[in-house]
Amino acid sequence: MGDCLKALQESKGDMEEAFVILRKRGMASAAKKASRAANEGAVGTYIHAGGKIGVMIEINCESDFVARTEDFQELLKDIAMHIAAVDPRYVRREDVTAADLDREREVYRAQAAATGKPAPVVEKIVEGKMTKFYEEVCLLEQPFIKEQSVTIQQLIATKIGKLGENITVRRFARFKVGDNNWTVAQTNYTAEPTA
């Protein structure tokens with residue numbers, strides 16, 4: 001409550017500006033906590049209505065206490081539901097395979113070159129399309145289905161600020177009945193050993 005009051009005072013009573021200030025503080029708090037080990041957490045599931053799509057996800061945090069909180073469990077369910085709806089292929093940008101990156105860059109480069117634009121413009125087009133590619137295939141880059149103005153990474157950062165612990169998506173699996181192409185994604189993140 002004190003943070004809300006301070007943000008309102010800073011913004012001179014402007015509620016929208018106060019919300020922005022609080023979000024920035026949450027991101028700053030998340031950045032500070034990012035280096036801390038997240039060895040606890042929970043595995044959650046989401047089965048879409050009708051039982052045709054299912055998701056299993058592991059999200060890690062620093063303590064089992066936080067993993068059992070309502071906020072953490074809500075985050076677990078929301079991200080699992082998001083995965084069911086959007087079907088990301090990777091957790092983070094850094095997890096995309098070199099083969100996938102090379103293939104996409106080559107396709108985008110060929111498309112841009114076909115327009116007859118100069119090479120520097122072609123490269124800018126390719127980079128813009130790669131940014132869009134990451135948004136389509138990387139969970140943390142995607143706009144959250146319940147609130148499109150917030151990415152999954154920002155959603156997690158908000159929970160980090162609220163719960164006071166580092167939170168990371170470790171891995172997920174998405175299955176769809178009758179579809180031979182199911183998704184299993186795991187981040188290259190490795191948790192620090194506990195003492």
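All values below come from the heavy atoms of this structure, side chains included, with hydrogens, waters and symmetry mates left out.
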Intermediate values then yes/no, side chain to side chain contact (heavy atoms under 4.5 Å, CB included), Leu140 and Arg93: CA-CA 8 Å; Leu140 298 181; Arg93 180 181 286 225; over 6 Å; no
Heavy-atom pair of closest approach, residues [X] and [Y]:
{"X": "Arg171", "Y": "Val91", "value": "CA-CG2, 4.5 Å"}
{"X": "Arg174", "Y": "Asp87", "value": "CD-OD1, 3.2 Å"}
{"X": "Gly51", "Y": "Val177", "value": "O-CG2, 3.7 Å"}
{"X": "Ala173", "Y": "Val184", "value": "CB-CG2, 4.1 Å"}
{"X": "Ile125", "Y": "Ala112", "value": "CG2-CB, 3.8 Å"}

Take atom CE in Met56; do more than 12 heavy atoms of anything else shown fall under 6.0 Å from it? no
Should the heavy atoms of other residues, nucleotides or ligands under 6.0 Å from CD of Glu70 be counted, would the total exceed 12? no
Test Thr69 against Leu163 for side chain to side chain contact (heavy atoms under 4.5 Å, CB included), laying out the working first. CA-CA 9 Å; Thr69 64; Leu163 297 172; 4.0 Å; yes
If only atom types and distance count, is the side chain of [X] paired as donor or acceptor with the main-chain N or O of [Y] below 3.5 Å?
{"X": "Asn60", "Y": "Glu40", "value": "yes"}
{"X": "Glu165", "Y": "Ile160", "value": "no"}
{"X": "Gln73", "Y": "Ala67", "value": "yes"}
{"X": "Gln154", "Y": "Thr151", "value": "yes"}

Between [X] and [Y], is there shared hydrophobic-cluster membership here, with clusters defined by ILVMFWY side-chain heavy atoms closer than 4.5 Å?
{"X": "Phe175", "Y": "Ile53", "value": "no"}
{"X": "Val96", "Y": "Phe172", "value": "no"}
{"X": "Val86", "Y": "Met81", "value": "yes"}
{"X": "Val150", "Y": "Ile167", "value": "yes"}
{"X": "Val137", "Y": "Phe144", "value": "no"}

Can you tell me how far apart [atom1] ([X]) and [atom2] ([Y]) are? Round to the nearest 0.5 Å.
{"X": "Ser63", "Y": "Arg68", "atom1": "OG", "atom2": "CZ", "answer": "8.0 Å"}
{"X": "Glu94", "Y": "Cys138", "atom1": "CD", "atom2": "SG", "answer": "8.0 Å"}
{"X": "Lys159", "Y": "Phe72", "atom1": "NZ", "atom2": "CZ", "answer": "10.5 Å"}
{"X": "Thr168", "Y": "Ile156", "atom1": "OG1", "atom2": "CD1", "answer": "8.0 Å"}
{"X": "Asp95", "Y": "Arg89", "atom1": "CG", "atom2": "CZ", "answer": "14.5 Å"}
{"X": "Lys162", "Y": "Leu75", "atom1": "NZ", "atom2": "CG", "answer": "11.0 Å"}

Note, [X] side chain near [Y] side chain (heavy atom, < 4.5 Å):
{"X": "Leu139", "Y": "His82", "answer": "yes"}
{"X": "Ile57", "Y": "Val43", "answer": "no"}
{"X": "Glu135", "Y": "Thr131", "answer": "no"}
{"X": "Ile83", "Y": "Pro88", "answer": "yes"}

Which of parallel (below 30°), tilted (30 to 60°) and perpendicular (above 60°) describes Phe133 and Tyr108? perpendicular
Would Glu141 and Arg92 pass as an ion pair if we require N to O under 4.0 Å? no
How far apart are the C-alpha atoms of Thr97 and Tyr90, what are their side-chain angles, what is the distance that settles it, and do they pass the side chain to side chain contact (heavy atoms under 4.5 Å, CB included) test? CA-CA 9 Å; Thr97 64; Tyr90 301 97; 3.6 Å; yes
In short, side-chain hydrogen bond (donor to acceptor under 3.5 Å, both in side chains) pairs touching residues 114-128 with sequence neighbours left out are Arg109-Glu123
For Lys129 and Arg105: C-alpha separation, side-chain torsions, deciding distance, then whether side chain to side chain contact (heavy atoms under 4.5 Å, CB included) applies. CA-CA 8 Å; Lys129 288 189 176 235; Arg105 276 198 178 96; over 6 Å; no
